[in-house]
Amino acid sequence: MSMKIRNYVGGGWRDSSATETLSVTNPATGAEIGRVPLSTSRDVDAAVQAARAAYPAWRSTPAPQRARVLFRLKALLEEHKEELARQLTTEHGKVVAETRGEVQRGIENVEHACGIPTLMMGDTLEEIAPGIDSASWRQPLGVFGIITPYNFPVMIPLWFWPYAVATGNTVVLKPSEQDPLTHQRIIDLAEEAGLPAGVLNVVHGGQETVESLCDHPDVVGISFVGSSRVAEIVYRRAAASGKRVQSLGGAKNHMIVLPDADMDLAHEACHASIFGSSGQRCLAGSVIVGVGDAHGAIRERMLDSAASIRLGDGLAADTDMGPVISAEHRDRVNAYITQGVADGAKLSLDGRGPKVAGFDGGYWVGPTIFEDVAPDISIGTEEIFGPVATINRADDVDGAIRMMHGSRYGNACSIFTTSGKAAREFRYQAGISMIGVNIGVAAPMAFFPFGGSKQSFFGDLKAQGKDGVSFFTDQRVVISRW
Ligand code: NAD
């Protein structure tokens with residue numbers, strides 16, 4: 001059944017004024033499950049006006065009461081966790097164990113934002129001069145726009161909007177047009193939890209919708225997550241109209257394995273990092289660098305385990321890896337593989353064109369491994385965002401770090417070693433924001449900042465945690481003499 005997707009404005013589901021719609025499909029079958037409108041600037045304005053109207057009353061709702069709405073939402077999300085996870089698999093494709101993990105990571109952000117009365121406290125100091133005291137107050141700013149990608153459509157909106165509303169702002173969310181259905185259910189749960197009309201609004205669409213949000217004079221800030229190309233465009237465009245912006249982009253993550261590593265642990269972590277979610281994670285490992293003798297050991301294990309991955313419907317218990325998001329994305333990943341071969345890289349496992357019995361319409365790419373990839377060809381430099389690994393060799397750890405520094409991205413990296421000194425040196429030298437030591441997916445939990453460096457991040461304050469609270473508030477300093 002194909003669902004007509006509506007915008008959520010001022011506490012109700014409303015038809016978009018869009019004349020164009022896009023198909024939302026189940027990536028395992030290719031069947032249409034919804035049609036999403038490409039909303040216009042008129043729709044964006046209606047949502048912003050609803051958010052603006054709701055702001056004064058929501059801002060003056062005491063922080064503990066705002067937190068209680070989130071407490072109720074957390075309980076509802078837990079109650080509906082399995083339903084949300086299964087629905088998410090049908091529109092994203094990843095296996096249900098992964099969608100359960102995603103919903104859990106989203107819940108943890110709601111849980112953390114429940115602490116807003118403490119998180120939002122300011123600072124005080126008496127006697128800054130004779131008889132004079134000073135205090136800072138964190139205050140909300142108004143209407144925020146939040147724009148999110150397809151790869152974590154439940155969790156990534158929850159990196160932002162719980163903090164935005166907990167701090168007393170109101171929100172217009174623009175979810176990914178590729179898999180917008182599961183978050184619709186979360187909006188219903190937020191309404192059930194008692195979030196007042198207009199505090200959270202949703203406008204579906206693509207480029208024009210995003211541009212309208214970036215340009216809108218009544219939007220005070222933008223949180224964006226997506227590819228680096230669009231992250232930079234959004235960063236520049238929203239900043240040009242005077243907004244504060246946090247804009248998270250793409251990645252090409254290196255995993256360095258030293259000869260003294262626990263090789264089984266390193267292999268398990270690299271395998272899960274590279275092939276989990278079919279490689280569609282900003283924290284996915286992409287380039288394994290085996291140092292010295294570690295190269296042969298990790299290479300052999302990776303080639304064995306990758307070849308045994310079972311592709312299939314993410315809802316089936318025996319599936320290891322689901323499809324990628326769309327036919328277009330499958331073709332893009334395949335084109336990178338073809339280009340890698342043309343550029344002279346050694347293709348040791350070819351994932352192009354696999355067949356999955358009973359799922360002929362699905363968007364399948366099998367596990368793929370390249371070796372000896374030159375640092376300047378597209379497969380070595382660009383984000384593929386599919387189940388494609390590169391295994392390279394370095395003579396020593398400095399050579400491995402140099403390889404990593406050659407990337408224009410700086411999202412995540414990992415080192416596998418039993419040497420504390422080597423791990424410490426790696427942390428010191430990496431210049432990358434999310435670092436795993438014997439960890440394959442270095443995902444900061446809700447109370448730590450999430451975001452990268454270099455071309456992986458544009459801005460200052462990152463997602464989640466204290467950074468999230470700072471991004472959605474301004475510190476107002478009062479100096480008093482009585
Ligand atoms: P995308 O950049 O194509 O889309 C992201 C959002 O931007 C969507 O809502 C989309 O509608 C909108 N958009 C697309 N093109 C636009 C344009 N030209 N102008 C304005 N808006 C536009 O990204 P995606 O394919 O949905 O998601 C995958 C990307 O997101 C990967 O690059 C991945 O690394 C990145 N990502 C990064 C993080 C992080 O924490 N840094 C987390 C998740 C995903």
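What you see is a predicted model; the values in this text were computed from it and never measured. Ligands are counted one by one from 1 in listed order, and the atoms in each one are counted from 1 as well.
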Element-labelled atoms of ligand 1 that are located less than 4.0 Å from some non-hydrogen atom of Phe450
40 (O)

Tell me whether the NZ or CZ atom of Lys243 lies within the 45° cone about the ring axis of Tyr235 and under 6.0 Å from its centre.
no

Between Glu382 and Lys252, is the closest basic N to carboxylate O distance under 4.0 Å?
no

Within 4.0 Å of atom 4 (O) of ligand 1 (strictly less), any protein heavy atom?
no

I need the nearest protein heavy-atom contact for atom 27 (O) of ligand 1: residue, atom name and distance, please.
Pro149 CB, 3.2 Å

In ligand 1, the atoms that come under 4.0 Å of a heavy atom of Val225 are 5 (C), 36 (N), 37 (C), 38 (C), 39 (C), 42 (C), 43 (C), 44 (C)

Among Gly249, Ala463, Gly250, closest by any non-hydrogen atom to atom 37 (C) of ligand 1:
Gly249

Protein heavy atom at shortest distance from atom 8 (C) of ligand 1:
Thr148 O, 3.4 Å

Report the nearest protein non-hydrogen atom to atom 24 (P) of ligand 1: residue, atom name, distance rounded to 0.1 Å.
Tyr150 CD2, 3.6 Å

Give the single entry among Gly226, Ala443, Ser456 that approaches atom 35 (C) of ligand 1 most closely by any heavy atom.
Gly226

To the closest 0.5 Å, what do you measure between CG (Asn26) and CD (Glu32)?
12.0 Å

If you scan protein heavy atoms around atom 28 (C) of ligand 1, the nearest is Phe385 CE2, 3.5 Å

When you measure from atom 23 (O) of ligand 1 to every protein heavy atom, which one gives the shortest distance, and what is it?
Ser227 N, 3.5 Å

Would Asn7 and Ser39 count as having a side-chain donor-acceptor pair, cut-off 3.5 Å?
yes

Looking only at distances, please establish whether an N/O atom of ligand 1 is found under 3.5 Å from an N/O atom of Glu383.
yes

Do Thr182 and Glu91 get their side chains close enough for a donor-acceptor pair, meaning under 3.5 Å?
yes

First locate atom CG of Asn169, then atom OG1 of Thr473, and finally report the distance between them rounded to the nearest 0.5 Å.
8.0 Å

Check: Glu177 N/O within less than 3.5 Å of ligand 1 N/O
yes

Can you tell me the protein heavy atom closest to atom 12 (C) of ligand 1 and the distance?
Val210 CG2, 4.0 Å

If you count the atoms of ligand 1 from 1 in the order shown, which ones are under 4.0 Å from a heavy atom of Trp159?
40 (O)

CD/Glu425 to OG1/Thr417 distance, rounded to the nearest 0.5 angstrom?
12.0 Å

Which of the numbered atoms in ligand 1 are under 4.0 angstrom from any heavy atom belonging to Lys174?
8 (C), 9 (O), 10 (C), 11 (O)

Polar proximity ligand 1 side, Ile156 side, N/O cut 3.5 Å exclusive
no

Hey, could you give me the CE/CD distance between Met302 and Glu371, rounded to the nearest 0.5 Å?
10.5 Å

So, Asp474 and Arg138, do they make that salt bridge, N to O below 4.0 Å?
no

To the nearest 0.5 Å, how far apart are CD1 in Ile435 and OG in Ser433?
7.5 Å

Check ion pair Arg105-Glu108 (N to O, under 4.0 angstrom)
yes

Strictly below 4.0 Å, N to O, side chains only: are Arg332 and Glu328 in salt-bridge contact?
no

Would you please classify the geometry between the Trp159 ring and the Phe450 ring as parallel, tilted or perpendicular, with 30° and 60° separating the classes?
tilted

Output yes when the distance from some N or O of ligand 1 to some N or O of Gln178 is under 3.5 Å, and no in every other case.
no

Heavy-atom nearest neighbour in the protein, as seen from atom 17 (C) of ligand 1, with distance rounded to 0.1 Å:
Gln207 CG, 3.7 Å

Tell me the contacting part of Phe224 for ligand 1: side chain, backbone, both, or neither, using a 4.0 Å heavy-atom threshold, strictly below.
side chain

At less than 4.0 angstrom from any non-hydrogen atom of Asn411, what atoms of ligand 1 do you find?
41 (N)

Indicate yes or no: does an N/O atom of Glu211 lie under 3.5 Å from an N/O atom of ligand 1?
no

Out of curiosity, Leu141 CG to Tyr55 OH, how far, rounded to the nearest 0.5 Å?
6.5 Å

Can you tell me the protein heavy atom closest to atom 22 (C) of ligand 1 and the distance?
Val230 CG1, 3.4 Å

Just which atoms of ligand 1 are under 4.0 Å from any heavy atom in Asn151?
43 (C), 44 (C)

